[in-house]
Amino acid sequence: MSTQVQEIKEAARRLRANEVVGIPTETVYGLAASIDSPEGIRRIFEIKERPFFDPLIVHISSFDQIKDIAAYDANETTETLIKQFWPGPLSILFPKHAKLNTMITSGLDTVAIRMPQNQIARDIINATGTPLAAPSANKFSKTSPTRYAHVKESFPDIFVVDGGPSVVGIESTVVQAFEDGTIKILRPGIITEVDIRNCFSANVRIEKVSSLASPGNITHHYMPDVPLILCTHVDPYHAIERYAHDTNTFFHNPYELILDSDSRVAARQLYQNLRDIPKNCDILYFRLPHSKDEIWDSILDRLQRAASFVY
Ligand code: TXA
Ligand code: MG
């Protein structure tokens with residue numbers, strides 16, 4: 001048996017025994033528990049230090065699992081989204097099944113579901129035999145993990161399956177489709193408004209909701225270990241000078257966060273580069289790219305939350 005097959009089996013064994021396990025997905029690594037394990041679900045919130053009001057995404061490996069999680073009256077728009085984007089980095093809200101543990105949904109009457117593209121993630125779900133609830137595998141408000149080592153750094157005691165670097169690099173797009181055909185984007189991601197628009201007729205109504213509609217969308221999220229300054233219209237030298245003045249601090253070792261000009265590559269680099277800063281760096285800055293597309297908007301959404309200040 002290959003090491004990977006053994007690791008998948010071991011992960012499933014632990015998940016069935018109510019443990020929390022780190023799993024790779026194409027977006028970021030997740031901290032998973034079986035949806036049938038109240039103990040495991042509670043443990044996710046505890047070790048992540050995540051407030052119970054912030055609901056978890058349920059990950060599935062086959063379409064027939066939906067009926068056990070959602071009160072399945074998926075509208076036509078939702079059906080189209082499923083056909084077009086699953087498996088993949090899109091989480092879709094459904095009305096919640098009455099028997100689904102309310103801790104997963106933080107008492108909301110909807111549940112977010114996603115079928116990951118990553119084969120190892122789907123193999124783990126299959127081997128466990130139940131869908132898995134999994135938030136990103138970082139401590140609450142900290143930078144999301146895109147590598148095995150990132151998860152181990154935050155949670156040294158949990159079992160993590162190594163699936164290599166996450167190929168997307170930012171969390172899934174979260175959407176909700178309504179009976180009247182309106183689609184709300186609750187969290188931006190690599191699947192963009194244009195991607196969604198392209199699979200409907202031109203007059204589909206898509207709304208971007210950048211608010212607490214997705215309770216995890218709080219400011220001060222994804223924070224690196226040193227302050228991050230976003231330089232939008234002020235040059236880095238002056239931005240840092242202003243931040244130093246405003247906070248009454250002196251910074252000795254500024255470091256520039258560099259991301260590729262290709263937004264898909266930049267998304268993949270984001271969380272690694274936010275961690276990969278020299279030991280002696282005491283302030284991080286990022287210059288806004290000159291040309292932007294929708295994926296850049298999703299990256300900037302994360303950077304804005306990670307930033308201590310935007311100048
Ligand atoms: O790519 C991803 O989605 C990753 C991987 C592991 O799948 N997971 C992830 O989970 O990013 P998490 O918990 O870090 O973020 C889930 C987001 C949160 O902002 C949460 O508030 C929102 O999804 N969410 C979950 N259920 C929801 C619901 N019923 N209504 C509104 N927002 C919901
Ligand atoms: Mg998260």
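When reading the values below, keep in mind they use all heavy atoms of this one structure, side chains included, and skip hydrogens, waters and symmetry mates. In each ligand, atom 1 is the first atom listed, and ligand 1 is the first ligand listed.
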### Summary
What one should report as the nearest heavy-atom pair of L81 and I92 is CB-CD1, 3.9 Å
### Residue portion contacting ligand 1 (non-hydrogen atoms closer than 4.0 Å) for R50
side chain
### Message
Check E153 with K139, please: is the shortest side-chain N to carboxylate O separation under 4.0 Å?
### Response
no
### Message
What I want to know is whether R114 and ligand 1 share at least one N or O pair that is separated by under 3.5 angstrom.
### Response
yes
### Message
Going by the closest heavy atom to atom 33 (C) of ligand 1, which one wins out of A133, P55, S91, S166?
### Response
P55
### Task
Would you mind telling me which of H59, Q117, R187 makes a side-chain hydrogen bond (donor to acceptor under 3.5 Å, both in side chains) with S172?
R187
#### Entry: Basic-acidic side-chain contact under 4.0 Å: E171, R302
yes
### Message
Run E207 and R205 through salt bridge (charged side-chain N to carboxylate O under 4.0 Å, His left out) and show every step you take.
### Response
CA-CA 7 Å; E207 292 171 17; R205 197 161 74 231; 3.5 Å; yes
### Message
Regarding atom 15 (O) of ligand 1: of the candidates E26, R187, K184, which has the closest heavy atom?
### Response
R187
### Summary
Nearest non-hydrogen contact to atom 5 (C) of ligand 1 from the set T27, I44, T173 belongs to T27
### Query
Angle class for the Y311/F309 ring planes (parallel below 30°, perpendicular above 60°, tilted otherwise)?
parallel
#### Entry: From V58, L56, L93 - option closest to atom 30 (N) of ligand 1 by heavy atom
L93
### Task
List the steps, then state whether salt bridge (charged side-chain N to carboxylate O under 4.0 Å, His left out) holds for D301 with R305.
CA-CA 7 Å; D301 172 79; R305 292 171 209 280; 2.8 Å; yes
### Query
Are Y243 and F251 an aromatic pair by the rule of ring centers under 6.0 Å?
yes
### Message
Heavy atoms only, cut-off 4.0 Å: how does Q176 contact ligand 1, side chain, backbone, both, or neither?
### Response
neither
#### Entry: Contact atoms of ligand 1, heavy-atom distance to T110 under 4.0 Å
28 (C), 29 (N), 30 (N)
### Query
If you measure from CZ on R43 to CG on N18, what distance do you get to the nearest 0.5 Å?
12.0 Å
### NZ/NE/NH1/NH2 to OD/OE distance under 4.0 Å, E7 and K9
no
### Message
Just to verify, what does F63 make a ring-ring contact (aromatic ring centres under 6.0 Å, His included) with, not counting sequence neighbours?
### Response
none
### Query
Salt-bridged, R114 to E26, with N to O below 4.0 Å?
yes
#### Entry: Atoms in ligand 1 flagged as close to D54, the criterion being non-hydrogen separation under 4.0 Å
18 (C), 20 (C), 21 (O)
### Task
Just jot down the ligand 1 atoms closer than 4.0 angstrom to any heavy atom of H59, in number order.
5 (C), 6 (C), 7 (O)
### Query
How many protein N, O or S atoms are found at a distance of less than 2.8 Å from the Mg ion (ligand 2)?
1
### Message
List ligand 1 atoms under 4.0 Å from S172, heavy atoms only on the residue side.
### Response
1 (O), 2 (C), 3 (O)
### Task
Could you tell me which atoms of ligand 1, counted from 1 in the order shown, lie closer than 4.0 angstrom to a heavy atom of L108?
28 (C), 29 (N), 30 (N)
